[in-house]
There are 2 protein chains.
Amino acid sequence: MTETVTEPSAAAAAGSKSEQAYRAVKARIVEGIYSPGYRLVLGSIAKDLGVSVVPVREAIRRLEAEGLVTFERNVGATVAGIDPTEYLYTMQTLSIVEGAATALSAPLVDSVAIARARAVNEDMRECLDHFDPVRFTQLNQDFHSILFEHCPNPHILDLVHRGWNRLASLRSSTFRFVPGRARNSVDEHEALLKLIESGADADDIEKAARLHRSATLDAYLAQAKTI
Amino acid sequence: MTETVTEPSAAAAAGSKSEQAYRAVKARIVEGIYSPGYRLVLGSIAKDLGVSVVPVREAIRRLEAEGLVTFERNVGATVAGIDPTEYLYTMQTLSIVEGAATALSAPLVDSVAIARARAVNEDMRECLDHFDPVRFTQLNQDFHSILFEHCPNPHILDLVHRGWNRLASLRSSTFRFVPGRARNSVDEHEALLKLIESGADADDIEKAARLHRSATLDAYLAQAKTI
DNA sequence: AGGTACGAAATCGTATACGATCACTATCGT
DNA sequence: ACGATAGTGATCGTATACGATTTCGTACCT
C-alpha cells in the first residue's frame with residue numbers, strides 16, 4: 001500500500017530500453033528529483049541511463065502525452081510547469097473523475113476495505129500531530145486507492161492516476177499543504193466512509209467525494225488571495 | 001464547423017516529420033481508413049509517408065498513450081480494439097466528462113451560440129429523414145462543440161476529444177447507430193438547449209448531459225441483449 | 001495424420017551518424 | 001555606448017544500419 005502510482009494502461013513488460021527510460025524519467029519527475037521547469041536534455045539523460053537518445057526521446061514524447069513534460073520543437077523538453085491556472089484545471093478535473101470513481105466503486109467496497117481505509121485515515125490523523133506532510137500525502141493516496149480497488153471502470157481510474165502524477169510533480173511547491181486544510185480532509189474521509197457504509201445514494205457519494213477535492217482547491221485559492 | 005476534432009494540447013507547429021506522422025496516422029484511424037485490428041507496420045507506414053521509421057515509431061507510441069492503438073513488444077502495433085467492454089468504459093467516461101464540460105460551459109454560452117446549436121440540431125433532424133448517419137454523427141459533434149466553445153477547463157475538453165476520437169475509430173462497426181435512438185437524441189439536444197437558456201442549475205444541466213450520453217449506451221446494451 | 005523442430009523471412013529495437021535549428025556571444029558599425 | 005549581425009557551440013531531428021525477436025512455413029519424426 002505504499003507503492004508508487006502506476007498506470008494500469010502502460011505496457012506490462014519492462015524489458016525494452018524505451019520502457020526503461022519511460023519509467024526512469026517518470027519516476028524522477030513524480031519523486032521530485034526533476035522539478036518543474038527542469039530542462040530534460042536528451043543526450044544527458046541517455047548517457048545517464050546508459051542508452052542512446054532514440055528511446056529517451058520516445059519516452060519523453062510519451063510523457064508529454066500524459067502532460068508531465070512540455071516539448072518545444074528544436075528546443076527541448078522541460079518538466080511541466082506549475083502555474084496556478086494549470087493547478088486549477090488539474091484539481092477541477094480530479095474532483096470530477098475522483099467523484100465518479102468513488103461513486104462507481106462504492107457499491108463494491110466491502111467492510112474489510114472500509115476497515116483498512118479507516119486505519120489509514122487514523123494514521124493520517126497521526127501525521128497531523130507529528131507534522132509529516134510527505135507521509136500524509138502518501139497515506140492520502142493510499143486511502144483513496146483502497147476505495148478504488150474494485151473500480152469497475154479502468155479508464156476513469158487511469159484519469160485519476162494521471163491527475164495524481166501531475167500533482168506529484170508539484171510537491172514541495174507553493175501549492176503544498178494549506179494550513180488547517182489537512183485536518184478537515186481527515187474528517188471528510190471519515191464522513192465519506194460512513195456514507196459508503198450506509199449504502200448511500202450514488203449521487204450523494206459522488207457529491208461528497210467531489211467536494212472533498214474541491215475544498216482543497218478552495219483552501220488554496222483562499223490562501224493565494226491573502227498573499 | 002466541420003473540421004476534425006483536434007487536441008488542443010498537441011504541439012502547435014506541424015513541421016517535424018514526427019508530428020506529420022502522428023497526424024497522418026491519427027487521421028487515418030479516426031477516419032476509419034485503418035480499422036480496429038489493423039496491423040500498423042512501422043516500415044510500411046514510413047515508406048508510405050516518405051519518412052524513416054524513427055518518427056513513425058514515436059508517433060505510434062504517442063497514439064498508444066492516447067488509447068488509439070495497442071502496442072506489443074517485438075510484435076508491433078494494431079489499431080485499438082472494439083470489444084463491448086471497452087465501448088462501455090469509453091461511453092461511461094464520456095458521459096462523465098461531457099456532463100462536466102457541459103455544466104461548466106453552460107454559463108458562458110450566449111444566445112448566438114444557442115441559435116447556432118439549434119440550427120445544427122435541426123440539420124440533424126433533417127439527416128434522420130434522409131438517413132445520413134455519417135453526417136448525423138459529424139453534426140452531433142458540431143452541436144456539442146458549440147456548447148463547449150468557451151469551456152473554462154481545457155483539460156476536461158481534452159478528455160472529451162479523446163473519447164470522441166476513440167469512438168470515431170469504431171465507426172461502421174457493430175456499435176453504430178442504434179435504430180430509433182437518434183431521434184431521441186435530437187429531442188434531448190433541444191431539451192438541453194432549453195435548460196441552458198433558462199439558466200438552470202449546474203447540477204441539473206450536468207445530469208441531463210450525462211443522461212444524454214448514457215442513453216446511447218443503454219440503447220446499445222438493450223440491442224446487444226437481443227442479438 | 002498429427003504434432004514438433006528447425007530455418008527463413010519479416011519486423012521490431014536501438015545505436016550511431018550527420019544535417020538542421022536554435023541560443024548565446026563577440027564583434028563590428030553607427 | 002548601444003544595437004545589429006555573424007560566428008560558434010549545444011542540442012534537436014531523422015536517416016541508416018544492424019542485431020534481436022517473433023512469426024510462419026516446411027520438413028521431419030512418431
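In what follows, chains carry the letters A, B, and so on, assigned in the order in which the sequence lines appear, proteins first and then strands, with residues in each chain numbered from 1.
- Note on A:Ile60: nothing from the nucleic acid sits closer than 4.0 angstrom, heavy atoms only.
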Using a cutoff of under 3.5 Å, can you pull out all pairs of nitrogen or oxygen atoms linking the protein to nucleotides 13-19 of chain C, with atom names and distances?
from, atom 1, to, atom 2, distance (Å)
C:dG13, OP1, B:Asn74, N, 3.1
C:dG13, OP2, B:Arg57, NH1, 2.0
C:dT14, OP1, A:Lys17, N, 2.4
C:dT14, OP1, A:Ser18, N, 3.4
C:dA15, OP1, A:Lys17, NZ, 3.2
C:dA15, OP2, A:Ser52, N, 2.4
C:dA15, OP2, A:Ser52, OG, 2.3

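- Residues passing the side chain to side chain contact (heavy atoms under 4.5 Å, CB included) test with B:Ala202: none are found, sequence neighbours excluded.
- Counting only heavy atoms from C-beta outward, the side chains of A:Cys127 and A:Leu139 approach each other to under 4.5 Å.
- Using cut-offs of 30° and 60° for the angle between ring planes, the B:Tyr87 and B:Tyr220 rings count as perpendicular.
- Applying the ring-ring contact (aromatic ring centres under 6.0 Å, His included) criterion to B:His155, with sequence neighbours excluded, gives A:Tyr89.
- Counting only heavy atoms from C-beta outward, the side chains of A:Arg210 and A:Glu98 never approach each other to under 4.5 Å.
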